[in-house]
Structures are given as structure tokens and as C-alpha cells.
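When reading the values below, keep in mind they use all heavy atoms of this one structure, side chains included, and skip hydrogens, waters and symmetry mates. Chain naming here is simple, since letters A, B, ... match the order of the sequence lines and numbering starts at 1 in each.
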There are 2 protein chains.
Amino acid sequence: MPQFHLESFLPYELAQLSEQVSREFSALYRERFGISIPEWRVMANLSQAGTLSVREIHTRAGMDKSKVSRAAARLETAGYVAKTEDASDRRLVALSLTEAGRGLIEEITPLARAYEAQVLDRLGAGAAPFRDGIRRLLDG
Amino acid sequence: MPQFHLESFLPYELAQLSEQVSREFSALYRERFGISIPEWRVMANLSQAGTLSVREIHTRAGMDKSKVSRAAARLETAGYVAKTEDASDRRLVALSLTEAGRGLIEEITPLARAYEAQVLDRLGAGAAPFRDGIRRLLDG
DNA sequence: AGCCTATCGTTGCACTTGCAACGATGTCAA
DNA sequence: TTGACATCGTTGCAAGTGCAACGATAGGCT
């Protein structure tokens, strides 16, 4: 019988953990605000940068550009994001948060911080080396 | 301007890392053997346990049971997995690897170990605490 | 035995996803 | 200026996904 110990296989563990954490966190805002994970990511990027094109979010966040485009379309319909034609390059769409969008970010931010703190608590003293490891792998 | 630092937000980092690692690893077998990530996971579980029902893989691997069912169907068509009716409980489908399936596992296993070693190398001395952190979070 | 409820695996459905192709716009050199 | 090529965001399409509902089977209670 060939054997492969999947549950101690790093890519598998990471996938399990990532899905668990994403699910737990998105549960905090999905039902309450009606936005999905890609939508939240677009908004969080905009909250940080002010104005971004679809392409910039695609690059920053590693999201497919069609994913960004559709998330932005839904967010525009929901009133959280404004889409403007870039004045100096009309191919670009300038995305930015509306007033409602900024309000939503302000509501979610404390939830996000609290959730993150709760996760880090579970790691105790291991939190620092854990985050260190993540960053080292993400850079490579 | 409300701000939220997404790139240092743990759920986001984990999602990025997990996707990167899954993508890198699946590239090693996807094209060569024509199997997807869910299919690989089903096979790896079977290689470990010998025979499992759809429900057991669903529980073990945290995969939706329809996902398991469809992966198993594709793997049966591909000749890697056999589906048998459980003798003592006819509701159950007994999944097991075929000879071809075992051969595939034997080909992928060294690739998996090599990839994992390469990732752990990037972590150096931080590898042990990193894995520790993953396991601690997965248990909770 | 007969019924009631639980559990199994599959399937229908609506939705999301990644990829490729498209029209629109920009850039640059002849 | 014109033409060739690059880049932007959107959309069509096929495939995958989670969820709920389904028929089939099992188990327990009377």
C-alpha cells in the first residue's frame, strides 16, 4: 500500500488553515453587510490607497482582473465604490470609496482587528515567528 | 481617509500564501497527470487509509461531499479509483485506489516531498515554530 | 412487521472563477 | 499623421463550487 501523509503535508495544512480563517472572518461581515471576500479585498485596498485602477488592484492583491472588475461592479451597484474615468488615461477606471464605503470600512475595521487579535492569542508566544514565516514565504 | 492595512492582515496573508503554495505544488502534477487539487486530495487520503467512503473523505479533508463525489467520479473515469458498494451498508460507496492510482501516488510522492522540503528550506530555523503555529490554529 | 427519522451519495441550480478574446485607448517610431 | 503594437477593463464561456433537495438505505421504536 503506497502511503502519503496528507494531514502533515504543508500545502494541505496551509489550505485548510487559510480556508478556516477566511471562513471565520468573512462570517463576521458577509451576512451583516452583504459583501463577499473579493469585494472586501477591493474595498480594503481602496481604503488604503485612496484611488486605484482595476489593474493596480489586480497586481497588488493577486486577484484576476476580471475578478476585480466584477467585484467593483457589484460594489458600485451597492453604493460603496465609485468608478470614474481616469482623466489622463481614458483606458483606466479610477476606483474609490464612496462615503458609504468609508463608513463600511470603519465598521468592519474593529471587527477585523478583534478577529486577528483572537487568532494571534491562540498562538501566544509563537505569533511572532509564525508571522515571520508567512512573510518570508510570501516574498520568495 | 479610513485606512486598513490589508497586506499585514493575517487572514489576507494566509490566503495569499496558501494560494501561492497550492498553485506552485499543483503545477507539478496538474499538467503531467491531468488531475486537479480536489482529485489529488481524494487520492492522497485513499493512499493513507486504503478504503474510505465519500462521507469519510468529506469529514477528514473538510471537502464538501459533492466535491468529493465529483472528484471520485472523475478519478473513476480516469481509472485511478474504484468505487464499490459497501457490503455491510449499501448506502456507502467504498472508494479505493486502483493499481494505476497507486502508481500515480508513487510518482507524485517524491515530487511532493521535494516541494515541501524546498518550502521548509526557505523557512530555515523558523520551520518548526511555523508548523507548530499552523497546527495550533487548526486544532482550535 | 410497520412506521418514523437519520444518514448516505448524487444531482440540479445558481453563482463564482480563470482564461481568452474583444473593443477602446494609448504609445511610439517611420 | 499614420500604422503597428501594447495595455486597459469588460465580457463570453466552460468548468468548478456550495447548498439544498432527492431517492435509497439503515436503524430504532412500538
What is the separation between atom [atom1] on [X] and atom [atom2] on [N], rounded to the nearest whole Å?
X        : N       : atom1 : atom2 : answer
His58(B) : dT10(C) : NE2   : P     : 13 Å
Asp86(A) : dT25(C) : CG    : C1'   : 12 Å
Arg90(B) : dA6(C)  : CZ    : P     : 22 Å
Ile57(A) : dG9(D)  : CD1   : P     : 9 Å
Leu52(B) : dC8(C)  : CG    : C1'   : 15 Å
Glu76(B) : dG9(C)  : CD    : P     : 14 Å
Arg55(B) : dT25(D) : CZ    : C1'   : 15 Å

Minimum-distance pair of heavy atoms, taken over all atoms of Arg60(B) and Gln16(A):
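Minimum heavy-atom separation between Arg60(B) and Gln16(A): O-NE2, 4.3 Å.
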Aromatic ring pairing Phe25(B)/Tyr115(B), orientation class (parallel under 30°, perpendicular over 60°, tilted between)
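Parallel.
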Counting the atoms with a prime plus P, OP1 and OP2 as sugar-phosphate, which does Lys65(B) contact under 4.0 Å by heavy atoms, base, sugar-phosphate, or nothing?
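Base contact.
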Just to be sure I understand the rule, does Ser53(B) reach a base, reach only the sugar-phosphate, or reach nothing, if contact means heavy atoms closer than 4.0 Å?
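Answer is sugar-phosphate: Ser53(B) comes under 4.0 Å of backbone atoms only.
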Closer to the 5' end of DNA chain C via nearest nucleotide, is it Lys67(A) or Val93(B)?
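Final value for this comparison: Val93(B).
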5' priority, DNA chain C, between Val68(B) and Met63(A) [closest heavy atom]:
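Final value for this comparison: Val68(B).
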Is there a side-chain contact between Leu123(B) and Asp132(A) in this structure, where contact means two heavy atoms from C-beta onward sitting under 4.5 Å apart?
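No, too far: nothing below the 4.5 Å cut-off.
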Using only side-chain N and O atoms of [X], determine if any of them is under 4.0 Å from OP1 or OP2 of [N].
X        : N       : answer
Arg91(A) : dG26(C) : no
Ser66(A) : dC19(C) : no
Lys83(A) : dT10(D) : yes
Ser69(A) : dT10(D) : yes

Would you mind telling me which residue lines up with the more 5' stretch of DNA chain D, Asp64(A) or Asp89(A), judged by nearest nucleotide?
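Between the two, 5'-proximity favours Asp89(A).
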Just jot down the side-chain hydrogen bond (donor to acceptor under 3.5 Å, both in side chains) partners of Ser66(B), sequence neighbours excluded, or say none.
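side-chain hydrogen bond (donor to acceptor under 3.5 Å, both in side chains) list for Ser66(B), sorted by chain: Asp64(B).
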Scan residues 65-86 of chain B for pairs that pass ring-ring contact (aromatic ring centres under 6.0 Å, His included), counting only residues two or more places apart or in two chains.
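Passing the test, one end in residues 65-86 of chain B: no pairs.
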Can you tell me which nucleotide in dC19(C), dT16(C), dG9(C) comes closest to the side chain of Arg74(A)?
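Closest nucleotide among those given: dT16(C).
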Base dG18(D) paired with Arg70(B) side chain (donor-acceptor, <3.5 Å):
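A donor-acceptor contact between them is present.
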